[in-house]
Amino acid sequence: SKRMGRGRFTYYDASLNPAQDRAIQLERQLPKAIDNDELVLHFQPKVNLANYRISGMEALVRWQHPEFGLVYPNDFIAMAEESGLIVALGDWVMKACCAQQARWKAQGIPLVPLAFNVSPMQLRDGSLATKIMQLLHDHGLSPGDLELEITESCLVEPIGQAIKVLEDLRKLGIRIGLDDFGSGFSSLSQIRDLPISTIKIDRSFINGIRSKTDVGVIVTSIITLAHGLQMRVVAEGVELMDQLVQLKMAGCDEVQGYFLSRPVPSAEAQKLLIQATII
Ligand code: C2E
Ligand code: CA
Ligand code: CA
Ligand code: CA
């Protein structure tokens, strides 16, 4: 027991604290939440630094929970990866992305590639490319309307199946971005031969841009090397004007972050797409 306040004792026994209780409830309820369409996508734009136009959107999943309100992915993606439910969740996300793009297309809104996040298990599944082609076909979309964001954790051994899936997708014309670059252990020389079209520099490096004159040697090197490999560079987590200015001077191609827009619900994302620019 632990002493709390004057002379009161609280016993920490078999009962769970509220946070643990919430986590257990979320884990138990996630399968039904997927079936019942309690998940929802928010969308965060990417902006091309050459013309300041919106060059893409990223779909980020949230759970509109009947009791807890809007629950963010950090509270349920990891558990879905552990339980294997991430494959069903990922299928829901891909279908919702295609449905959204098809709605925008039907309304005459100019489409930009819609990126979605993919977990390692989805790549190991082997049927990912087939699933995506079927979805594109069902919704009357082209491969260029979608983009995959993978992380370095998708590229750990055994890497054979993942590479095959990525190459299939690339051949079909679907772009692939490598997310959170720099936060893990892979170097650009290791990913040189992978069918990756875009590198997203991890937020932690962008965060570190404090000087008004320099993005720092790591960001500069990533940009130079990525361009040498014919890859585009996106900086994520741009929160300040100074960061944007410095990244543009360093030759970064695109930016994403709260300075431009937070992830927003589809109605707001639609307004942004119609405006086509943010700044
Ligand atoms: P991520 O793919 O690296 O996505 C970027 C995260 O950073 C998002 O958090 C976004 O809201 C946040 N962010 C964007 N701009 C800024 C900024 O300027 N400053 C700061 N501090 N944060 C910013 P979110 O939506 O909570 O997602 C967290 C992670 O959950 C994502 O990181 C991704 O790894 C995962 N995730 C989200 N949706 C999905 C999904 O559909 N499938 C899978 N497998 N994972 C997903
Ligand atoms: Ca991402
Ligand atoms: Ca990221
Ligand atoms: Ca991340």
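Order of listing sets the numbers, starting from 1, for every ligand and every atom in it.
Residue Arg262 does not touch ligand 1, judged by heavy-atom distances below 4.0 Å. Residue-level proximity to ligand 1 for Asn117 is carried by backbone and side chain together, each with a heavy atom below 4.0 angstrom. At a heavy-atom distance under 4.0 Å, only side-chain atoms of Ile77, from C-beta outward, approach ligand 1. Proximity of Val238 to ligand 1, defined as any heavy-atom pair under 4.0 Å, is confined to the backbone N, CA, C and O atoms. With a 4.0 Å cut-off on non-hydrogen atoms, Gln44 touches ligand 1 through its side chain and not its backbone. For Arg62, every heavy-atom contact with ligand 1 shorter than 4.0 Å involves the side chain, none the backbone.
Heavy-atom proximity to Glu239, at under 4.0 Å, picks out these atoms of ligand 1: 17 (C), 18 (O), 19 (N), 20 (C), 21 (N). Near Asn74, with a cut-off below 4.0 Å to any heavy atom, the atoms of ligand 1 are 28 (C), 29 (C). Of all atoms in ligand 1, numbered sequentially from 1 with element shown, those under 4.0 Å from a heavy atom of Val61 are 38 (N), 39 (C), 40 (C), 41 (O). Close approach of ligand 1 to Glu58 is summarised as follows: ligand atoms under 4.0 Å from at least one heavy atom of the residue are 2 (O), 4 (O). Per-residue contacts place Gly257 under 4.0 angstrom from the following atoms of ligand 1 (heavy atoms of the residue considered): 15 (N), 18 (O). When each atom of ligand 1 is checked for a heavy atom of Asp180 under 4.0 Å away, the hits are 3 (O).
Each of Ile223, Val255, Thr224 was checked for a side chain to side chain contact (heavy atoms under 4.5 Å, CB included) with Val233, and the lone residue meeting it is Ile223. Exactly one residue among Arg62, His65, Arg22 makes a side chain to side chain donor-acceptor pair (under 3.5 Å) with Asp75. That residue is Arg22. In summary, of the residues considered (Lys200, Glu236, Lys46), a side chain to side chain donor-acceptor pair (under 3.5 Å) with Gln256 occurs for Lys200 alone.
A salt bridge is absent between Lys105 and Asp145; no separation between the charged side-chain nitrogens and carboxylate oxygens falls under 4.0 Å. A salt bridge links Lys164 with Asp168: at least one charged nitrogen is closer than 4.0 Å to a carboxylate oxygen. The existence of a salt bridge linking Arg232 and Glu147 is excluded, since no basic side-chain nitrogen approaches an acidic carboxylate oxygen closer than 4.0 Å.
Between Leu225 and Ile199, the closest side-chain pair of non-hydrogen atoms is not below 4.5 Å. The closest side-chain heavy-atom distance from Leu172 to Ile132 is not below 4.5 Å.
Excluding waters, the count of protein N/O/S atoms less than 3.0 Å from the Ca ion (ligand 2) comes to 4.
Around atom 44 (N) of ligand 1, the closest heavy atom drawn from Ala235, Ser119, Pro263, Ala59 belongs to Ser119. Across the listed options Leu39, Ile86, Leu260, Val93, Val93 owns the non-hydrogen atom lying nearest to atom 41 (O) of ligand 1. Nearest-residue assignment for atom 6 (C) of ligand 1 (options Glu236, Arg203, Met94; heavy-atom criterion): Arg203.
A 6.0 Å sphere centred on CD1 of Ile218 holds no more than 12 heavy atoms belonging to other residues, nucleotides or ligands.
Taken to the nearest 0.5 Å, the CZ atom of Arg28 stands 8.0 Å off from the CD1 atom of Ile24.
Gln100 and Arg103 share a donor-acceptor pair across their side chains, judged by distance under 3.5 Å alone. Between the side chains of Gln29 and Glu38, no donor-acceptor pair is found at a separation under 3.5 Å. Residues Asn117 and Glu58 have side chains that bring a donor and an acceptor to within less than 3.5 angstrom of each other.
Between Tyr258 and ligand 1, at least one pair of N/O atoms sits closer than 3.5 Å.
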Pairs of donor and acceptor atoms involving the side chains of residues 259-269, under 3.5 Å and at least two apart or interchain, shall be tabulated with distances.
none

